[in-house]
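What you see below is based on every heavy atom in this structure, not just the backbone, and it leaves out hydrogens, waters and symmetry mates.
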Amino acid sequence: MNVNQSAPPVPPYGQPQPVYPGYHQSSFGGQPGSTAPPNTYGAYNGPVPGYPQTPPPGVSRAPPSSGVPPASTAQAPCGQGGYGQFGQGDVQNGPSSTVQMQRLPGSQPFGSAPLAPVVSQPAVLQPCGPPPTSAQVTAQMAGMQISGSVTPAPPPSGLGYGPPTSLASASGNFPNSGLYSSCPQGQAPPLSQAQGHSGAQPPQRSAPQQASSFTPQASGGPRMPSMTGPLLPGQSFGGPPLNQPNHVSSPPPQALHPGTQMAGPPGPPPPMHSSQQQGYQLQQNGSYGPTRGPQPNYGSPYPGAPAFGSQPGPPQPLPPKRLDPDAIPSPIQVIEDDRNNRGSEPFVTGVRGQVPPLVTTNFLVKDQGNASPRYIRCTSYNIPCTSDMAKQAQVPLAAVIKPLARLPPEEASPYVVDHGESGPLRCNRCKAYMCPFMQFVEGGRRFQCCFCSCINDVPPQYFQHLDHTGKRVDAYDRPELSLGSYEFLATVDYCKNNKFPSPPAFIFMIDVSYNAIRSGLVRLLCEELKSLLDFLPREGGAEESAIRVGFVTYNKVLHFYNVKSSLAQPQMMVVSDVADMFVPLLDGFLVNVNESRAVIISLLDQIPEMFADTRETETVFAPVIQAGMEALKAAECAGKLFIFHTSLPIAEAPGKLKNRDDRKLINTDKEKTLFQPQTGTYQALAKECVAQGCCVDLFLFPNQYVDVATLSVVPQLTGGSVYKYACFQVENDQERFMSDLRRDVEKVVGFDAVMRVRTSTGIRAVDFFGAFYMSNTTDVELAGLDGEKTVTVEFKHDDRLNEESGALLQCALLYTSCGGQRRLRIHNLALNCCTQLADLYRNCETDTLINYMAKFAYRGVLNSPVKTVRDTLITQCAQILACYRKNCASPSSAGQLILPECMKLLPVYLNCVLKSDVLQPGAEVTTDDRAYVRQLVTCMDVAETNVFFYPRLLPLTKSPIENTTEPPAIRASEERLSNGDIYLLENGLNLFIWVGAGVQQGVVQSLFNVSSFSQITSGLSILPVLDNPLSKKVRGLIDSLRAQRSRYMKLIVVKQEDKLEMLFKHFLVEDKSLSGGASYVDFLCHMHKEIRQLLS
Ligand SMILES: [Zn+2]
């Protein structure tokens, strides 16, 4: 029992530990850091005031009634394979079923609904459950235009856009936004080019060998095992109706207007009853910029564009009766309410099954036995007891887990527990780690596992007496008995080859082909690296980073550099046999920065000069990864490759790629091939990388198609990150690239990691989403894992759950820290279980549901036509809401749309997912953009998907200048914009400032330093630094938004009715989109129709 109790005075338990935010701590296990603040575990001197004296839920509960563990968890010897933690093999989770994504019966494809208005009844949006501040809105759902095909709508006439089918002309004028940019032509090197390619293709040298490569590939390469998996089961809705009381207060009967129940051409709308709208009154607050209706100089969106879809539709003599946008659930209002209701008090995790505040609310967390929502968020905190119930509700049961999440400075990093040579205490049978839910029995001599019910002996050194409640008297002195999250020091049994790991290494691998030199990238990068190397991640308190560094440059061949400290000058070694990559030097390749500083600086000075006159345009890619991985292997360490790459790797070498971009495949059954890698080479390489703990971060600087879908395979499977800077030019993109790079180099990473999620009897993890590799069905292997990456885990029932005992999750992550220490991070979470569907619907979290559904859909496009994926999402959403309506809502007219309170934003958010670039691309979105976004979303946490799918739109000039708080957001719709104001929009990747044409001259002057609207440069990416309150305020806001996001958001200034405005409008997600995406109002009506169909 060695819990580092000899530490010097420490902050009281529960107080913030004054360490590096993040997970690394110092001074445990007898290695006190010289300058480290004393943060060892030892502060556990009993419960803090307010800590409940009752045992944590679950501790004193009765053993699960279904005490017999599944046979699959039977004893397995610990320590088989490489890692003791995962000794029980992969039998616990059986093979997941792979069900092809299919359209479910009973619903109609969204895109082909009849054109006639479908719903014309009053609809009631009635929130369920407590609080009874339920909003009731009757609204006229008439005149919506759910129709048309999903083909992109023709361009708006009169705005001067080029034909959308011409990619280059449609997007060529955009500044490099990072997402939607294609380059100006003429960036090819001044060499004799073969120009026989289609217009959008890059001029490439060595045309003869390229000639055949422009045939679009009809079929992609083999699929990655981790990317395939069970898809949405095609369970049809409508099992036996549950005989259960309604758990929600029924809304007062709405006055239905005669005639409004029938479908057909809409008549005039019934008068609104103001009393029925009170629940949403706040949305009509003037501060939301309610400039609806016609505005001077500002027409309706896309004048001339056909209404949603390309079918003409029947003539509509009457102007369509629109559902009042203020009468439908508002994301802004929900976010605001949650902030007001839950932002002031800390979220205390002691109570099982509590739904945390929304991700958009700022709140502090106090760990009292369950993992913080910063580590784990669930789609529901109350899960159905039976699989029948779960199938009926169709609510996915999933957890979004961010094992190494960074915490705000006010919250303590997980304590590190050292159980000495015997290692962490675990259940003998299921190998779960000691946690607050384990129940001690027989006077403390044994404990019963909360996951599998096995009775285990307590080792003598761990013995402690129990108090009268059956709880160990030292429970509050031990993190593993009282906290949701903590770390164990791993013993050598948890290390590869039973050897403690060496510190990791970083290898910088720089493309020095013509494009990289010409754009200024190489010079900029080398200059920046000189200072960046002082910011390598350190173990908390360490004087210098333990991480060693190495350098490689490449084009068609690879150049390794010897930067040994004893050398006067770096030495270059060229490897031109890229087919059989080997590392030409061991000694002197990976070095300590401080020791070799002079040689490294000299190298970084020389690289840009050495290749300044290069004419080499071709690059290799797979051999670069291979080389880095081999170097780590030779050094017997884990690590990360930073690859800076510019072009499609067409040089003759393993992993050589063809240009197979073909936009004609969009909306065909072969569209999925665009997302699939074109060769299996990279997947095989990724597998080798994972085995070595080699994580790959890829920085792409393409001037044209580079096949992101293929190039990102290795980063994706190794837990790495991909960054893309299309048409990189130093003057435009320097700030963004430098900021991203700095952050990426500095961030704390866990290496050579394996994650396992254990569950209590009755449910099991069946599916996983994220950037990782899986060689069996249970172990998530991550060559690297940083504090921003999430792994989403889906659960299914394999037995009946018990209301009393609830359900438990334990996520265990075994990893090597930046300092080379092997650790286990444990997160525990207890959930409630219910026998009433209403309890499920009361405890859902829509933001997490959307995170899961987006990831599910984005993986689905690898295997199914995009339209099928969209339809599946719509059907599932309709089933979820119909099940609620049928079983939980009070009887009411079928014409009423009744949404559960916790899910009232499900339709609007789902619509955003459906019309996102991956599922419904606009003409300006390239194949690479889609693959890139798909890859990004796969690892996003809930806060990131929330703002990514529903961007934040902030009025900048509405509130008084003295008001220093962030302005309240408004709904992402053009209707909300006033031409006399300026707005900021961000989605975590992009940042826009939209300037109305009628903005006062003084405001224009203050912000842009020009005298009139017409003089503002469209596409401006930097605001002038001006000494006035407005300028300071706006720039300060931009800085603070950038600091909140994991990637640098480049600013684009957009003027009203300017060409670039189309780009901006893409993000006004409540509106109809040019690519055919429905408006929020229309989608809600469509959803209502789908629900009614399911109910009838
Ligand atoms: Zn167990």
Side-chain angles (χ1 to χ4, degrees), residues 179 329-343 347 355-363 372-381 396 398-402 405-406 408 769-770 788-792 844-858 873 877 901-919 933-934 936-954 966 968-973 984-991 1040-1047 1049 1066-1070 1080 1083:
L179 272 184
S330 156
I332 305 302
Q333 194 62 50
V334 170
I335 288 170
E336 198 62 33
D337 289 348
D338 194 73
R339 279 186 185 153
N340 293 336
N341 296 335
R342 307 197 65 181
F347 179 69
V355 182
L358 297 181
V359 285
T360 40
T361 298
N362 278 325
F363 61 98
S372 159
R374 301 190 206 287
Y375 296 123
I376 307 181
R377 276 188 178 264
C378 294
T379 53
S380 177
Y381 290 80
V400 179
I401 308 178
K402 203 179 186 184
R406 286 175 303 169
F769 303 79
E788 285 153 7
K789 299 240 165 39
T790 62
V791 176
T792 296
C844 282
E845 219 210 6
T846 295
D847 293 335
T848 309
L849 265 177
I850 288 294
N851 180 285
Y852 167 83
M853 291 173 110
K855 288 173 180 174
F856 178 84
Y858 280 18
L873 281 185
C877 182
E901 175 69 15
C902 290
M903 290 186 185
K904 63 184 177 189
L905 298 181
L906 189 59
V908 59
Y909 286 161
L910 185 76
N911 189 36
C912 296
V913 174
L914 292 170
K915 53 197 223 177
S916 63
D917 295 336
V918 172
L919 298 184
V933 168
R934 199 187 77 80
L936 282 180
V937 168
T938 304
C939 310
M940 281 186 181
D941 69 14
V942 179
E944 286 173 315
T945 48
N946 177 269
V947 74
F948 177 73
F949 288 111
Y950 192 97
R952 214 152 40 140
L953 181 57
L954 306 172
E966 200 171 281
I970 61 171
R971 294 169 66 168
S973 167
L984 183 149
L985 181 145
E986 66 109 357
N987 74 342
L989 296 176
N990 303 281
L991 182 64
S1040 103
L1041 291 173
R1042 281 175 176 159
Q1044 290 171 32
R1045 303 300 177 205
S1046 59
R1047 290 174 182 233
M1049 297 183 289
H1066 180 80
F1067 297 92
L1068 298 177
V1069 289
E1070 288 201 21
Y1080 176 20
F1083 183 71

Side chains of Thr945 and Tyr909 in contact at under 4.5 Å (non-hydrogen atoms) = no

Shortest non-hydrogen contact between Leu849 and Pro396, atoms and distance | CD2-CD, 3.4 Å

Criterion side chain to side chain contact (heavy atoms under 4.5 Å, CB included) on Phe856 and Thr792, from CA distance to verdict = CA-CA 10 Å; Phe856 178 84; Thr792 296; over 6 Å; no

Arg1045 CZ to Asn990 CG distance, which is reported to the nearest 0.5 Å = 12.0 Å

Looking only at atom types and distance, does a side-chain atom of Lys789 sit under 3.5 Å from a main-chain N or O of Gly770, one as donor and one as acceptor?
-> no

Mark yes or no for whether Tyr1080, through its side chain, and Pro329, through its backbone, hold a donor-acceptor pair below 3.5 Å.
-> yes

Between the CD1 atom in Ile970 and the CG atom in Leu985, the distance rounded to the nearest 0.5 Å is 9.5 Å

Which pair of non-hydrogen atoms, one from Pro356 and one from Arg377, has the smallest distance, and what is that distance?
-> CG-NH1, 3.5 Å

Could I get the full list of side-chain contact (heavy atoms from CB on, under 4.5 Å) partners for Leu954, not counting sequence neighbours?
-> Arg952, Glu966, Pro967, Ala969, Leu984, Leu1037, Leu1041

Which heavy-atom pair separates Glu845 from Pro357 by the least distance, and what is that distance?
-> OE2-O, 3.9 Å

Do Val359 and Asp941 have side chains that get closer than 4.5 Å, going by heavy atoms?
-> no

Ring pair (Phe, Tyr, Trp, His ring centres under 6.0 Å) involving Tyr381 - partner list, sequence neighbours excluded | none

Check: Leu936 main-chain N/O paired with Tyr858 side-chain donor or acceptor under 3.5 Å | no

Tell me, please, which residues at least two apart from Glu1070 pass salt bridge (Lys or Arg N to Asp or Glu O under 4.0 Å).
-> Arg971

Measure across Ile376 and Ala399 and return the closest heavy-atom pair with its distance rounded to 0.1 Å.
-> CG2-CB, 4.0 Å

How many angstroms lie between atom CD1 of Ile850 and atom OG1 of Thr379, to the nearest 0.5 angstrom?
-> 11.5 Å

Any side-chain heavy atom of Pro331 sitting closer than 4.5 Å to one from Val908?
-> yes

Does NZ or CZ of Arg934 come closer than 6.0 Å to the centre of the six-membered ring of Phe769, within 45° of the ring's axis?
-> no

Could you state the interatomic distance from SG (Cys877) to CG (Leu914), rounded to the nearest 0.5 Å?
-> 8.5 Å

Considering only heavy atoms from C-beta outward, does the side chain of Leu919 approach that of Val913 to under 4.5 Å?
-> yes

Just wondering, do Arg342 and Phe347 contact through their side chains at under 4.5 Å, heavy atoms?
-> yes

Is there a side-chain contact between Cys378 and Thr848 (heavy atoms, below 4.5 Å)?
-> no

Heavy atoms of Cys844 and Met903 approach each other most closely as SG-CE, 3.4 Å

Contacts of type side chain to side chain donor-acceptor pair (under 3.5 Å), residue Thr790, not counting sequence neighbours = Lys855

What closest approach, in Å, do Ala857 and Leu873 show between heavy atoms, and which atom pair accounts for it?
-> CB-CD1, 3.7 Å

In chain order, what residues pass the salt bridge (Lys or Arg N to Asp or Glu O under 4.0 Å) check against Arg1047, with sequence neighbours excluded?
-> none

Residue from Asn341, Asp337, Asp338 passing side chain to side chain donor-acceptor pair (under 3.5 Å) with Thr361 = Asp338

The reported gap from CD in Glu336 to CD1 in Ile332 (rounded to nearest 0.5 angstrom) is 8.5 Å

Would you sort out whether Leu989 and Phe948 count as a side chain to side chain contact (heavy atoms under 4.5 Å, CB included), showing the intermediate values?
-> CA-CA 7 Å; Leu989 296 176; Phe948 177 73; 3.6 Å; yes

Exam field: side chain Asn851 to backbone Met940, donor-acceptor pair closer than 3.5 Å = yes

Among all residues two or more places apart in sequence or in another chain, which pass the side-chain contact (heavy atoms from CB on, under 4.5 Å) test with Glu788?
-> Arg406, Arg743, Lys747, Asp786, Ser1046

So CG of Asn946 and CG of Leu905: to nearest 0.5 Å the spacing works out to 9.0 Å

